[in-house]
Amino acid sequence: VSSTFPVAPETEDEGKTPQLVESYLQNFYDLQRGSHPHLRSHGENRLVAKLKEMQSFFGLQVTGKPDADTLEMMKKPRCGVPDIGQ
Amino acid sequence: YVFTAGNPKWKRNNLTYRILNYTPKMRKADVDEAIRKALSVWSNVTPLTFQRVEDKEADIMISFAYRDHRDNSPFDGPNGQLAHAFQPGEGIGGDVHIDEEEAWTKDGRGYNLFIVVAHELGHSLGLSHSSDPGALMYPAYSYTDPNEFLLPQDDIDGIQAIYGKSNAAVQPTGPITPEACDPNLTFDSITTLRGEIFFFKGRYMLRKHPARTETELNFISLFWPTLPSGIQAAYENIEKDEILLFKEDKYWVVRGYDIAPGYPKPIYRLGFPKTVKRVNAAYSDETTGKTYFFVADRYWRYDEKKKSMDHGYPRKIVSDFGKIGRVDAAFWKDGYVYFFHGTTQFKFDPRAKQIVGQMESISWFNC
């Protein structure tokens with residue numbers, strides 16, 4: 001059973017996921033642009049830390065991974081003001 | 001609710017606003033009305049007042065903008081970011097920018113301008129995003145019928161923490177977002193639908209899929225924008241793969257996942273007498289093809305094959321179902337009927353004609 005109806009989501013375009021995740025976290029969760037988010041600092045890479053922050057804010061399961069529920073939330077139309085920071 | 005970092009606020013309660021331009025997608029009068037109504041959402045619960053000005057600088061300048069509009073926050077075309085606003089302050093402070101490329105409307109199509117501007121004005125007044133999914137200041141868009149809109153309690157608490165309470169004699173209150181594991185949670189109605197269970201509460205529905213441990217909370221309007229909030233009764237006709245939803249003297253049919261055309265219809269089409277003004281609860285027994293409607297302390301029985309009420313009804317609930325009191329909500333699953341009265345749930349065996357269990361109302365949510 002599709003957990004999101006009435007229209008089943010379009011087929012996932014795997015190629016776009018990383019770009020979607022990174023730009024969402026840059027726009028709304030203060031992920032520094034161009035700061036090599038995948039490099040480790042303080043034991044966890046910044047992108048995973050920011051992703052967890054976003055999942056926690058939206059009450060999603062905090063996995064640190066761009067799972068289906070997280071991507072669904074990122075695709076929702078929304079306000080342009082960041083959720084954290086200025 | 002969350003304050004914007006640094007707790008910015010306006011030093012005055014009498015603020016001004018100005019509409020700098022309009023979208024061709026809506027009549028000017030409808031844009032004016034949407035913005036006026038959005039401002040009243042906040043002035044109704046605080047001492048704030050908003051006066052419209054023309055041809056001069058206002059505290060809150062409202063405009064439709066396109067892509068890069070020289071504020072370091074370019075819009076991104078249709079969908080995605082719908083609008084943004086700036087925290088209280090001079091110059092651009094308090095201003096609201098609306099993405100011109102969105103499908104702005106005054107109803108449930110596209111994006112409702114009133115809802116989006118009301119949200120942005122929360123930023124203009126010093127609020128940040130709330131993590132309460134029912135709050136107006138929640139970052140993701142969700143449609144609510146403007147005629148039914150009530151500012152949620154989370155937003156009232158936030159804005160009053162900044163500007164104080166309203167001057168009204170009676171303080172306004174707002175809806176609270178239901179939480180699945182709240183022991184005081186009661187339900188307006190409940191139905192099964194293709195193996196899932198839907199619990200209706202106000203403008204929300206809590207959705208429980210048998211294969212998922214967590215419960216999903218959604219607005220009813222997310223799936224069925226034309227349905228009202230406060231569904232009072234609901235049941236599934238498994239044979240016909242449809243659910244019927246009742247409010248006051250009307251009912252809707254959802255066939256599959258879509259609302260069937262030609263609804264709502266009067267409940268009297270089902271055979272209720274005109275003295276019945278609303279239905280409290282309903283369930284349908286898949287094994288007998290009989291549907292039971294509960295109204296106050298009585299119930300009717302409907303034959304789904306004959307499409308008519310059975311003779312000899314209404315009967316007293318207590319005489320056939322025992323001491324379950326008034327029924328708020330009910331549903332049939334795997335041969336048992338589950339009756340909900342306040343925070344109490346009764347498990348009833350229709351074959352043995354007796355109550356075989358009593359649980360909390362939230363027992364289905366793995367709390």
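Each chain gets a letter, A, B and so on, in the order the sequences are listed, and its residues count up from 1.
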Heavy-atom closest pair, residues A/Met73 and B/Ala140: SD-CB, 4.4 Å

Enclosure of A/Gln61 CD (heavy-atom neighbours >12, cutoff 6.0 Å): no

With a 4.5 angstrom heavy-atom cut-off, is it the side chain or the backbone of B/Ala83 that approaches chain A, or both, or neither? backbone

Name the region of A/Met74, side chain, backbone, both or neither, that has any atom closer than 4.5 Å to a heavy atom of chain B. neither

Tell me which one of B/Leu82, B/Asp99, B/Val116 satisfies side chain to side chain contact (heavy atoms under 4.5 Å, CB included) with A/Pro77. B/Leu82

Heavy-atom distance under 4.5 Å to chain A: side chain of B/Pro133, backbone, both or neither? neither

How are the rings of B/Tyr138 and A/Phe58 set to each other: parallel, tilted or perpendicular (split at 30° and 60°)? perpendicular

Contact origin within B/Ser142 toward chain A - heavy atom pairs under 4.5 Å: neither

Rounded distance [0.5 Å steps], NZ in A/Lys76 versus CG in B/Asn79: 14.0 Å

Could you pull out the closest heavy-atom pair between B/Ser130 and A/Phe57, with the gap in Å? O-CZ, 3.4 Å

Quick check: are there more than 12 heavy atoms from other residues, nucleotides or ligands sitting under 6.0 Å from CZ of B/Arg109? no

Under 6.0 Å from the NZ atom of B/Lys106, do we count more than 12 heavy atoms belonging to anything else shown? no

Show your working on side-chain contact (heavy atoms from CB on, under 4.5 Å) between B/Gln81 and A/Asn27 and close with a plain yes or no. CA-CA 10 Å; B/Gln81 298 183 40; A/Asn27 284 337; 3.5 Å; yes

CG on A/Asp83 to CE on B/Met137, rounded to 0.5 Å: 10.0 Å

Mind checking whether A/Phe28 and B/Pro139 have side chains closer than 4.5 Å, heavy atoms only? no

For the pair A/Val81 and B/Glu120, evaluate side-chain contact (heavy atoms from CB on, under 4.5 Å) and give the outcome as yes or no after the intermediate values. CA-CA 9 Å; A/Val81 173; B/Glu120 298 307 330; 4.1 Å; yes

Chain A contacts, top residue of B/Glu214, B/Glu102, B/His84, B/His129 (heavy-atom pairs, under 4.5 Å): B/His129

How close do B/His123 and A/Cys79 get, counting heavy atoms only, and between which atoms? NE2-SG, 3.5 Å

Within a reach of under 6.0 Å around CD of B/Glu179, are more than 12 heavy atoms found that belong to other residues, nucleotides or ligands? no

side-chain contact (heavy atoms from CB on, under 4.5 Å) assessment of B/His119 paired with A/Arg78: CA-CA 10 Å; B/His119 171 99; A/Arg78 57 162 291 157; over 6 Å; no

Tell me, side chain or backbone of B/Phe75 under 4.5 Å from chain A's heavy atoms, or both, or neither? neither

